[in-house]
Peer 1: 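One structure is given below, represented as structure tokens, and several questions about it will come after.
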Amino acid sequence: MPDSPSVGLHCLLLDGKGGARSLTPDGLAAWSPDQGVLWVHLDYTDPDDRHWLETGSGLDPLIVEALQAEETRPRATTVGDGMLIALRGVNVTPGAEPDDMVAIRLWVDQERIISTRHRRAMSVADVAAQLTSGNGPTSAAQCLVELVDQLVGRMSDTVDQFEDRVAELEEQFLEASSAAMRFDLAILRRQAIMLRRYLAPQREALARLNTAMAGWLDDSGLLHLREVSDRLVRHIEDLDAVRERAAVVQEELQNRTSEQVNTRMYVLSVVAAIFLPLGFLTGLLGINVGGIPGADNTLAFWVFIAMLVLVVILQVMIFRWRKWL
């Protein structure tokens, strides 16, 4: 490979015993497969990293383009003797939204791993730290499995937070409903939907990895990868449950709000029905024309009031008889 300036967020040479050492740019340029497995982690927005990826990695231009793609969906594609993989992980940066997921793109073969990202992925840092401390994977395939394990493992806390939040909203609904709950439920459902949007294709990508890596891993490694896949499936099922529970609470909240509105409208309708004949009578006797009964009688006003009271009592009796009250 040609000489290059400082390349990559890290450039590690695995020793095959769980450890790794960093390579200098000259060491990277002089690397050969017989020295050990190489892992180069790049920021595809960095000009030096892009230059090395395009001119010094030796990869096919289509693969290079895929490793620099802005938007990716999880996938795993076998290309010759290697695999082109795109994975998603939860953004655990403080202040970040859970559904704002980070993307990792990888080219993996038996001799090297080339990974790219834009935003920091803690899972990559965890695997690199394991290698630096001497307790990491020993091969490219195991390194990939460990990275997938870390990605899926970091989703657990986020999914648990979703479950705790929907349980809290369910409890609030049982105690008292509020308009703010509708906003919280909408946010929770949106985040769960967005997170599942990427986890579902990632499940398919891991299923392909299980098949494609049969010749790369021993039985223990394959079992580890299947366990990670099963854990991802459980996360997807938990997200489905969160969405359904949030939808049920939101529906019940809407039903309760509708019932309250209907009750208020019913009361207003009853009040309007009671005052309708009263308004008719007072309006009729209030017209400014001659011949109004009782105009010259000092007791006419009280007689009229008593008549109105009798009308109200009669209306209430009729409403009760019709079971409207």
Peer 1: When you group the ILVMFWY residues by side-chain heavy-atom contacts below 4.5 Å and let the links chain together, are M317 and V309 in the same group?
Peer 2: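 They do share one cluster, since a chain of ILVMFWY contacts under 4.5 Å joins V309 to M317.
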
Peer 1: I'd like to know whether E146 forms a side-chain hydrogen bond (donor to acceptor under 3.5 Å, both in side chains) with Q142, so could you lay out the CA-CA distance, the side-chain angles of the two residues, the decisive distance to 0.1 Å, and finally the verdict.
Peer 2: CA-CA 6 Å; E146 185 62 31; Q142 291 182 2; over 6 Å; no

Peer 1: Are V108 and L222 in one and the same hydrophobic cluster, where Ile, Leu, Val, Met, Phe, Trp and Tyr link if side-chain heavy atoms are under 4.5 Å apart?
Peer 2: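 Yes.
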
Peer 1: Please check if atom CD in E65 has more than 12 non-hydrogen atoms from other residues, nucleotides or ligands closer than 6.0 Å.
Peer 2: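 Not buried by this count: 12 neighbours or fewer within 6.0 Å.
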
Peer 1: Quick check for you: to the nearest 0.5 Å, what is the distance between Q161 atom CD and E168 atom CD?
Peer 2: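 Atom-to-atom, Q161:CD and E168:CD are 12.0 Å apart.
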
Peer 1: Between T116 and D49, does the side chain to side chain contact (heavy atoms under 4.5 Å, CB included) criterion hold? Intermediate values first, please.
Peer 2: CA-CA 9 Å; T116 64; D49 290 1; over 6 Å; no

Peer 1: Which residue, R190, R189, R165, forms the salt bridge (charged side-chain N to carboxylate O under 4.0 Å, His left out) with D184?
Peer 2: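 Result for salt bridge (charged side-chain N to carboxylate O under 4.0 Å, His left out) with D184: R165.
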
Peer 1: So, using side-chain hydrogen bond (donor to acceptor under 3.5 Å, both in side chains) as the criterion, who are the partners of S115 when residues are at least two apart?
Peer 2: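 For S115 the side-chain hydrogen bond (donor to acceptor under 3.5 Å, both in side chains) partners, ignoring immediate neighbours, are W39, H41.
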
Peer 1: List the atom of A76, the atom of M83, and the distance in Å for their closest heavy-atom pair.
Peer 2: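 Looking at all heavy atoms of both residues, the closest pair is CB-CE, 3.9 Å.
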
Peer 1: Kindly say whether E170 contributes a backbone atom to a donor-acceptor pair with the side chain of E252 at under 3.5 angstrom?
Peer 2: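 Checking the backbone N and O of E170 against the side chain of E252, no donor-acceptor pair under 3.5 Å is found.
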
Peer 1: Answer whether the closest heavy-atom distance between the side chains of H235 and L195 falls below 4.5 Å.
Peer 2: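 Sidechains of L195 and H235: no contact.
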
Peer 1: Does the R105 side chain pair with the main chain of A69, one donor and one acceptor, at a distance under 3.5 Å?
Peer 2: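 Checking the backbone N and O of A69 against the side chain of R105, a donor-acceptor pair under 3.5 Å is found.
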
Peer 1: Is F280 linked to I274 within one hydrophobic cluster, defined over Ile, Leu, Val, Met, Phe, Trp and Tyr using a side-chain heavy-atom separation of less than 4.5 Å?
Peer 2: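 In one cluster with F280: I274, yes.
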
Peer 1: Q130 and P137: which non-hydrogen atoms are nearest, and at how many Å?
Peer 2: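 Closest approach of Q130 to P137: OE1-CD, 4.3 Å.
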
Peer 1: If you count heavy atoms of other groups shown closer than 6.0 angstrom to CG of D219, is the number above 12?
Peer 2: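 Open: at most 12 neighbouring heavy atoms sit under 6.0 Å from CG of D219.
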
Peer 1: Testing I113, L12, L28 one by one against L38 for a side-chain contact (heavy atoms from CB on, under 4.5 Å), which residue passes?
Peer 2: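 Exactly one candidate clears the test, L28.
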
Peer 1: Does a side-chain heavy-atom distance below 4.5 Å link R117 with V124?
Peer 2: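 The answer is no; the side chains never approach within 4.5 Å.
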
Peer 1: In this structure, would V102 and I85 fall into the same cluster of hydrophobic residues linked by side-chain contacts under 4.5 Å?
Peer 2: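 Hydrophobic grouping puts V102 apart from I85.
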
Peer 1: M194 versus R197: any side-chain heavy-atom pair under 4.5 Å?
Peer 2: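 They are in contact (side-chain heavy atoms under 4.5 Å apart), so the answer is yes.
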
Peer 1: Roughly how far, to the nearest 0.5 Å, is the CD atom of E70 from the NE2 atom of H118?
Peer 2: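 One finds 7.0 Å between NE2 of H118 and CD of E70.
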
Peer 1: If we only count heavy atoms from C-beta on, is the V166 to F162 side-chain gap below 4.5 Å?
Peer 2: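 No. Closest side-chain heavy atoms not under 4.5 Å.
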
Peer 1: Tell me the closest heavy-atom pair linking W216 and A141, and the distance in Å.
Peer 2: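 Closest heavy-atom pair between W216 and A141: CB-CB, 3.8 Å.
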
Peer 1: If you define the side chain from C-beta out and look only at heavy atoms, does anything of W107 sit under 4.5 Å from D60?
Peer 2: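 Sidechains of D60 and W107: no contact.
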
Peer 1: Please assess D149 against E227 for the test side chain to side chain contact (heavy atoms under 4.5 Å, CB included), listing each intermediate value before the final yes or no.
Peer 2: CA-CA 9 Å; D149 190 5; E227 178 62 28; over 6 Å; no

Peer 1: Has F275 got more than 12 heavy atoms of other residues, nucleotides or ligands less than 6.0 Å from its CZ?
Peer 2: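 12 or below, so no.
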
Peer 1: How long is the straight-line distance from CZ of R75 back to CZ of R88, given to the nearest 0.5 Å?
Peer 2: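 Going from CZ on R88 over to CZ on R75, the span is 12.0 Å.
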
Peer 1: For Y198 and T72, which heavy atoms make the closest approach, and how far apart are they?
Peer 2: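 Taking every non-hydrogen atom into account, CE2-O, 4.0 Å.
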
Peer 1: S32 vs D34, test: side-chain hydrogen bond (donor to acceptor under 3.5 Å, both in side chains). Steps then yes/no.
Peer 2: CA-CA 6 Å; S32 60; D34 61 316; 2.2 Å; yes

Peer 1: Take atom CG of N262 as the centre, draw a 6.0 Å sphere, and report whether it contains more than 12 heavy atoms from other residues, nucleotides or ligands.
Peer 2: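 Yes, because the 6.0 Å sphere around CG of N262 holds more than 12 heavy atoms from other groups.
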
Peer 1: Does atom CZ of R208 have more than 12 heavy-atom neighbours, drawn from other residues, nucleotides or ligands, at distances under 6.0 Å?
Peer 2: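 Check fails, neighbour count at 12 or below.
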
Peer 1: Drop me the distance from Q35's CD to D15's CG, to the nearest 0.5 angstrom.
Peer 2: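 The CD atom of Q35 sits 13.0 Å away from the CG atom of D15.
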
Peer 1: Go through the steps for S123 and L147 under the test side chain to side chain contact (heavy atoms under 4.5 Å, CB included), then give the verdict.
Peer 2: CA-CA 6 Å; S123 303; L147 178 59; 4.2 Å; yes

Peer 1: What is the minimum heavy-atom distance between R50 and Y44, and which atoms define it?
Peer 2: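 Answer, listing the atom of R50 first, then Y44: CG-O, 2.7 Å.
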
Peer 1: What I'd like to find out is whether the side chain of L59 reaches to under 4.5 Å of the side chain of L67, using heavy atoms alone.
Peer 2: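 Yes, close enough: below the 4.5 Å cut-off.
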
Peer 1: Is any side-chain heavy atom of L281 closer than 4.5 Å to a side-chain heavy atom of F304?
Peer 2: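 In contact.
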
Peer 1: Evaluate V64 against S57 for side chain to side chain contact (heavy atoms under 4.5 Å, CB included), listing each step before the verdict.
Peer 2: CA-CA 9 Å; V64 171; S57 64; 4.2 Å; yes

Peer 1: Does a side-chain heavy-atom distance below 4.5 Å link R203 with L199?
Peer 2: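 R203 vs L199: side chains apart.
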
Peer 1: Distance from D43 atom CG to D48 atom CG, nearest 0.5 Å?
Peer 2: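 Answer rounded to 0.5 Å: 11.0 Å.
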
Peer 1: According to a hydrophobic-cluster definition based on side-chain heavy atoms being under 4.5 Å apart (Ile, Leu, Val, Met, Phe, Trp, Tyr only), do V40 and V79 belong together?
Peer 2: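 Yes, it is one cluster - the side chains of V40 and V79 are joined through contacts under 4.5 Å.
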
Peer 1: Return the CE to CD1 distance between M155 and I236, rounded to the nearest 0.5 Å.
Peer 2: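 Here the interatomic distance stands at 8.5 Å.
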
Peer 1: Can we say D109 and R112 salt-bridge, meaning some charged N sits less than 4.0 Å from an Asp/Glu carboxylate O?
Peer 2: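 Judged by the 4.0 Å cut-off on N to carboxylate O distance, D109 and R112 do form a salt bridge.
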
Peer 1: Could you report the tightest heavy-atom contact between M213 and L225, atom names first, then the distance?
Peer 2: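 Smallest heavy-atom distance, with atoms named: SD-CD2, 4.4 Å.
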
